[in-house]
Structure formats: structure tokens, C-alpha cells
Amino acid sequence: MFRRKGLIETVNEAQRASSMAVTSSSMLLLRNFSTAGRVVQSVRATSRICFSTGELIRVLPHTRSSRFICSTRAAHNEEAAAKAAAAVAETGAPTIFDKIIAKEIPSDIVYEDENVLAFRDTNPQAPVHVLVIPKFRDGLTMLGNAEPRHVDVLGQLLHASKIVAEKEGILDGFRVVINNGVEACQSVYHLHLHVVGGRQLKWPPG
């Protein structure tokens with residue numbers, strides 16, 4: 001009788017222990033879910049996560065298109081390319097644009113006259129992204145090298161940019177960009193204008 005009672009008590013204790021373990025696990029699970037929820041809310045509110053160690057990390061906001069996500073590595077590569085281009089800028093060596101003008105390299109031409117050539121950028125930053133260049137460089141490796149003798153061609157480049165915008169149907173909203181020098185990440189030392197549009201453009205630019 002005592003042995004049977006002892007066995008029953010042992011079974012009951014085991015059941016209670018099991019129940020407590022399940023309850024403890026459930027509480028831990030609920031606590032984890034609660035913590036995760038607070039982290040998610042914190043990230044949504046501040047774009048930051050702070051750990052118990054005091055370490056703080058910033059979470060980049062999600063965007064609809066990966067095209068507009070800034071990459072540190074890509075920016076570094078762009079800066080490196082700009083420095084490499086600047087090193088040979090004043091040597092007079094032909095650039096890729098000279099080969100495009102000579103039709104040695106194919107391009108998607110949007111507009112052309114005797115002095116100006118406009119063609120689509122192969123790495124577009126907007127639905128419309130066209131490069132406008134003078135056919136004769138004449139020392140205009142960059143806008144910073146412009147002299148009085150370049151006044152006419154500079155005006156022709158701007159007028160050609162307007163024609164491109166009109167042809168592309170973005171005359172009501174477009175941007176003309178000139179990158180000048182290393183700090184502006186100029187990658188080809190043959191003066192060129194970027195005609196950009198076809199989407200809502202933001203300010204200030206990057």
C-alpha cells in the first residue's frame with residue numbers, strides 16, 4: 001500500500017515538473033516574441049537596434065527598388081575609377097567617348113548634329129538618362145577647363161540637352177548634371193552633360 005502510494009506520488013511529482021517545464025518554456029517563448037516585437041517596433045521607429053552590450057547598429061530602410069540603394073562598396077569603386085581617370089586626364093589620350101563619336105563603339109544615339117552627340121547612358125540612374133557631349137574636345141576635358149573660346153559649344157550643349165528632353169517627353173521635369181573633377185566622381189575626361197528624368201527627382205542630390 002505504501003509502495004503503491006509512493007509510486008503515485010512520484011508520478012504526480014513528475015507530471016508537475018513536466019507541467020512547470022512546459023509553462024517555463026511557454027513563458028520564455030512569449031518573452032522572446034515580446035522582445036522581438038519591441039525590436040521590430042524600435043527599428044521601424046528609429047532605424048536602430050541597441051543591444052544589452054551597448055552596441056548600436058543602424059538598419060538601412062527598405063526601398064522599393066534596389067537601384068536606389070546606396071552601396072558603400074559601389075561608392076568606393078566609383079571614387080577609385082574617378083581617381084584613375086584623373087591621373088591620365090591631361091595626357092590627350094583618346095577616351096571611350098572619342099570611340100563612340102568615331103562609331104568604333106556602338107551607342108544608342110538620341111540626337112546628333114555637326115557639333116554635338118547625345119546617346120543613352122549604359123548605366124542609367126533614371127528612366128531617361130542621356131549623355132550629351134561635344135564632338136570636338138578642344139581642351140574641354142572638364143567644365144573647369146572652359147575658356148572664352150568655348151562659349152559657343154557650351155551653349156550648343158545646353159540647347160542640345162533641351163532638344164533631348166523634348167524628344168524624350170520629359171520637358172516638364174528633367175535635370176542637367178555635369179560632374180567636374182575627382183570629388184564630383186568624373187569618370188571620363190571629355191566634357192559631358194547628363195540629362196536625367198522620367199521620374200520624380202529629389203533635392204538635394206547625392
Side-chain angles (χ1 to χ4, degrees), residues 60-83 85-86 89 94-206:
L60 293 177
H62 173 73
T63 58
R64 290 183 181 274
S65 171
S66 61
R67 178 181 296 177
F68 306 112
I69 297 176
C70 294
S71 167
T72 302
R73 181 177 297 175
H76 175 74
N77 291 342
E78 188 174 318
E79 291 169 8
K83 290 177 181 178
T95 70
I96 188 172
F97 291 168
D98 291 303
K99 296 180 179 180
I100 290 174
I101 293 168
K103 304 298 193 292
E104 296 174 6
I105 296 178
S107 63
D108 188 354
I109 296 175
V110 176
Y111 171 78
E112 182 176 11
D113 62 30
E114 61 181 2
N115 297 313
V116 174
L117 180 66
F119 52 92
R120 299 190 192 282
D121 197 309
T122 57
N123 183 30
Q125 302 302 304
V128 175
H129 188 167
V130 177
L131 300 179
V132 181
I133 66 174
K135 286 186 173 180
F136 307 100
R137 192 167 21 164
D138 188 27
L140 270 180
T141 54
M142 56 197 293
L143 185 60
N145 288 343
E147 298 179 4
R149 73 175 191 272
H150 297 129
V151 169
D152 287 345
V153 71
L154 291 173
Q156 290 166 359
L157 289 170
L158 284 176
H159 184 249
S161 298
K162 178 263 183 182
I163 294 174
V164 166
E166 191 171 34
K167 289 170 70 70
E168 293 296 303
I170 59 170
L171 200 55
D172 288 337
F174 68 99
R175 184 171 291 165
V176 178
V177 179
I178 299 176
N179 297 324
N180 188 90
V182 175
E183 292 188 7
C185 282
Q186 182 177 356
S187 58
V188 180
Y189 278 79
H190 181 135
L191 179 65
H192 54 287
L193 285 63
H194 299 258
V195 178
V196 181
R199 64 173 172 83
Q200 178 60 58
L201 301 174
K202 305 296 184 180
W203 192 264

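Here the side chain of E183 pairs no donor or acceptor atom with the backbone of G181 at under 3.5 angstrom. Not a single donor-acceptor pair under 3.5 Å links the side chain of N180 to the backbone N or O of M142.
Identified under the salt bridge (Lys or Arg N to Asp or Glu O under 4.0 Å) test for residues 141-158, with sequence neighbours left out: D138-R149, E147-R149. Sorted by first then second residue, the ring pair (Phe, Tyr, Trp, His ring centres under 6.0 Å) pairs that include residues 106-151, not counting sequence neighbours, are F97-F119, H129-H194.
Within a 6.0 Å sphere centred on CG of D108, heavy atoms belonging to other residues, nucleotides or ligands number more than 12.
Within the model, atoms CD1 of I109 and CG of L117 stand 5.0 Å from one another, a figure rounded to the nearest 0.5 Å. To the nearest 0.5 Å, atom CG of residue D121 and atom NE2 of residue H192 are 8.0 Å apart. Atom NZ of residue K99 and atom OG of residue S107 lie 14.0 Å apart, to the nearest 0.5 angstrom. To the nearest 0.5 angstrom, L191 atom CG is 5.5 Å from I178 atom CD1. Distance CZ/R175 to CZ/R199: 8.0 Å, rounded to 0.5 Å. To the nearest 0.5 Å, atom CD of residue Q186 and atom CG of residue L143 are 9.0 Å apart.
For the side chain to side chain contact (heavy atoms under 4.5 Å, CB included) with L193, the lone residue among V130, V116, V176 that qualifies is V176.
Considering only heavy atoms from C-beta on, K167 comes within 4.5 Å of V110 through its side chain. Side-chain contact between I133 and K135 is absent, with no heavy-atom pair separated by less than 4.5 Å. Here the side chains of V195 and V132 are in contact, with some heavy-atom distance below 4.5 Å. Residues H190 and I101 form a side-chain contact, since some pair of their non-hydrogen atoms from C-beta on lies under 4.5 Å apart. Using a 4.5 Å cut-off on side-chain heavy atoms (C-beta onward), V177 and N179 make contact. T95 is listed as a side-chain neighbour of R137, based on a closest heavy-atom distance under 4.5 Å.
Ionic pairing of E168 and R120 is present here: one or more N-O contacts between side-chain nitrogen and carboxylate oxygen are shorter than 4.0 angstrom.
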Query raised in the report: What do the steps show when you test E79 against C185 for side chain to side chain contact (heavy atoms under 4.5 Å, CB included), and what is the final call?
Result: CA-CA 6 Å; E79 291 169 8; C185 282; 3.9 Å; yes

**Report entry** Stepwise side chain to side chain contact (heavy atoms under 4.5 Å, CB included) check, V128 with V196
**Finding:** CA-CA 6 Å; V128 175; V196 181; over 6 Å; no

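Of all the heavy atoms in G198 and P127, the pair that sits closest is O-CG, 3.5 Å. Here the closest heavy-atom approach between residue A86 and residue V182 is recorded as CB-CG2, 3.4 Å. Closest approach of S187 and A85 over heavy atoms only: O-CB, 3.3 Å.
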Pairs under 3.5 angstrom only: tabulate donor-acceptor contacts from the side chains of residues 153-166 to other protein residues two or more places apart or in another chain.
| unit_1 | atom_1 | unit_2 | atom_2 | d |
| --- | --- | --- | --- | --- |
| Q156 | OE1 | N115 | ND2 | 3.4 |
| S161 | OG | L157 | O | 2.9 |
| K162 | NZ | E166 | OE1 | 3.4 |

